[in-house]
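Working notes for the structure below.
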Number of protein chains: 2
Amino acid sequence: MSCKHHHNCEKAAKLTAEQLCETYGFRFTESRKQVFEALISSHKALTAKELMVQIGNNQPPITYRALEFLTEAGLVHFISSINAYIACAHAEDEGHISQFLICKECHEVEEFQAPDAVCLLMQSAKNGNFQVSDTSIEMLGVCSECQN
Amino acid sequence: MSCKHHHNCEKAAKLTAEQLCETYGFRFTESRKQVFEALISSHKALTAKELMVQIGNNQPPITYRALEFLTEAGLVHFISSINAYIACAHAEDEGHISQFLICKECHEVEEFQAPDAVCLLMQSAKNGNFQVSDTSIEMLGVCSECQN
DNA sequence: ATCTTACTGTTAATCTATAACATTCGCAAA
DNA sequence: TTTGCGAATGTTATAGATTAACAGTAAGAT
Ligand SMILES: [Zn+2]
Ligand SMILES: [Zn+2]
Ligand SMILES: [Zn+2]
Ligand SMILES: [Zn+2]
């Protein structure tokens, strides 16, 4: 599978993940690895259920725990508008804001960055004296592939 | 309750709602009215369950149907990051993009507009040849009231 | 009057996520 | 080595959110 969507793909990302875990004293265990690999090897966003099917696990807590861990570690993002998870494409950039283009045909998801837009949004919030802790930008539509 | 957050509040909004329904040949029925009024009279975002409690209805389909109708009519927005619904503050501006400041303390939600930021985001999508049909911007944080 | 479509009432099912608790694992201090 | 501790897992069951299905009613058009 090609990798136009990830800055550092699969192997590199796994390395980043392992290092990140070690840095903070956590373990990149088997179940976490399984979930992460399932996500990084698919550029699509996967629901918890789809993940469970893919890694052959029908015990929800195991998958949900791995997802919670990976999400908190910043290795995976949760896309609330479609209730699905995706491996982060910029994990090395810690604490960055999540911005997604989500194709409703093929479910492929591209994580992109538009710092200038984010800046304007932050400005808006600041004008309202609102202290932002978490921002999510989710754009649903049809990707270039699926427009044909 | 004061109305710093709505451009046209309660009565006016209800009127807009009724007109909008009539225009498209739909009815502003009792259950829809109940749900809409519960939302418009609270500036907070309410979950489906909270709504059901508030309008004294424990038959999910009724509430969910009303919510689906109101959402499709553009009178109510669904805020996916917190699984809650809020009455739209700009219903007269049809098809506008949803942007929210969501206070995680008091759960009050402000719908705001930042057209220049949206413009930049659209540009980003366009550069990737991505055809956007629906955009949601959700900023979680602490409102000015709750910072004290 | 009857036809059609929108809308409601009700029951039950499905999908999604978490609680609770016992067990094991990895690691470090005694 | 062994003891102790927190992190992580295994397992069962439950809670919570949303929808399917189908029968029935209401309102406007012809
Ligand atoms: Zn990311
Ligand atoms: Zn696509
Ligand atoms: Zn709105
Ligand atoms: Zn607040």
Side-chain angles (χ1 to χ4, degrees), chain A residues 17-39 44-86 102 104 107 138, chain B residues 17-39 44-86 102 107 136 138:
Chain A
E18 281 171 12
Q19 286 172 346
L20 228 159
C21 287
E22 197 171 352
T23 302
Y24 294 109
F26 296 110
R27 289 156 51 208
F28 199 56
T29 61
E30 195 52 35
S31 61
R32 292 169 182 177
K33 200 178 297 188
Q34 277 182 23
V35 169
F36 184 70
E37 287 182 6
L39 285 172
K44 305 186 182 188
L46 301 177
T47 64
K49 193 182 175 185
E50 288 168 335
L51 265 169
M52 289 193 283
V53 169
Q54 189 145 344
I55 66 183
N57 168 356
N58 58 352
Q59 291 164 308
I62 290 178
T63 299
Y64 279 104
R65 282 172 190 154
L67 285 170
E68 187 188 10
F69 172 83
L70 294 168
T71 301
E72 282 179 4
L75 296 166
V76 161
H77 296 294
F78 177 58
I79 306 181
S80 65
S81 64
I82 57 171
N83 255 272
Y85 298 84
I86 190 162
I102 305 151
K104 57 186 174 187
H107 301 123
E138 303 178 7
Chain B
E18 281 170 13
Q19 286 171 346
L20 226 159
C21 287
E22 198 170 352
T23 304
Y24 294 108
F26 294 109
R27 287 155 53 208
F28 199 56
T29 62
E30 195 52 34
S31 61
R32 291 168 181 177
K33 200 178 299 189
Q34 276 181 23
V35 168
F36 184 71
E37 287 182 5
L39 285 172
K44 305 187 182 188
L46 300 176
T47 64
K49 194 182 175 185
E50 288 169 335
L51 265 168
M52 288 194 283
V53 168
Q54 189 145 345
I55 67 183
N57 169 357
N58 57 351
Q59 290 163 308
I62 290 178
T63 299
Y64 279 103
R65 282 172 189 153
L67 285 170
E68 186 188 10
F69 172 83
L70 294 168
T71 301
E72 282 178 5
L75 296 166
V76 162
H77 296 295
F78 177 58
I79 307 181
S80 64
S81 64
I82 57 170
N83 256 271
Y85 299 82
I86 190 162
I102 306 150
H107 301 122
S136 98
E138 304 178 7

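Here is how names work: the chains are called A, B, and so on, in the same order as the sequence lines, proteins then strands, and each is numbered from 1.
Between atom CG of residue A/Leu51 and atom CZ of residue A/Phe36 there is a gap of 12.0 Å, rounded to the nearest 0.5 Å. To the nearest 0.5 Å, atoms OG (A/Ser81) and CD (B/Glu138) are separated by 8.0 Å. The line from CG of A/Asn83 to CG of B/Asn83 is 7.0 Å long, rounded to the nearest 0.5 Å. Atom OG1 of B/Thr71 is separated from atom OH of B/Tyr85 by 6.0 Å, given to the nearest 0.5 angstrom. Put simply, CG on B/Leu46 and CE on B/Met52 are 12.0 Å apart, with the number rounded to the nearest 0.5 Å.
Contact annotation: B/Tyr64 side-chain N/O to D/dT18 OP1/OP2 distance is under 4.0 Å. For B/Ser31, a side-chain nitrogen or oxygen approaches OP1 or OP2 of C/dT8 to under 4.0 Å. The side chain of B/Thr29 contributes an N or O atom lying less than 4.0 Å from OP1 or OP2 of C/dT8. The side chain of B/Gln59 places no N or O atom within less than 4.0 Å of a non-bridging phosphate oxygen (OP1 or OP2) of C/dG9.
Here the nucleotide nearest the side chain of B/Pro61, chosen from D/dA7, C/dT8, C/dT10, is C/dT10. For B/Pro60, the side-chain atoms get nearest to D/dT19 when compared with the rest of C/dA6, C/dT16, D/dT19.
Here the P atom of nucleotide D/dT9 and the CG atom of A/Asn57 are 11 Å apart, to the nearest Å. Atom CZ in B/Arg32 sits about 7 Å away from atom C1' in C/dC7, given to the nearest Å. Summarising the geometry, the separation between CD1 on A/Ile62 and P on C/dT18 is reported as 16 Å, rounded to the nearest angstrom. Rounded to whole Å, atom P of C/dT16 lies 12 Å from atom CG of A/Leu51. Atom CD in A/Glu68 sits about 9 Å away from atom P in C/dA19, given to the nearest Å. Here the C1' atom of nucleotide D/dA7 and the CD atom of A/Glu30 are 17 Å apart, to the nearest Å. Atom C1' of nucleotide C/dA6 and atom CD of B/Glu72 are separated by 14 Å, given to the nearest angstrom. Rounding to whole angstrom units, CG of residue B/Asn58 and P of C/dA12 are separated by 14 Å.
Residue-to-nucleotide contacts include no donor-acceptor pair under 3.5 Å from the side chain of B/Arg27 to the base of D/dG28.
Remark on DNA chain D: of its neighbouring residues B/Arg65 and B/Tyr85, the 5'-side contact belongs to B/Tyr85, judged by nearest-heavy-atom nucleotide.
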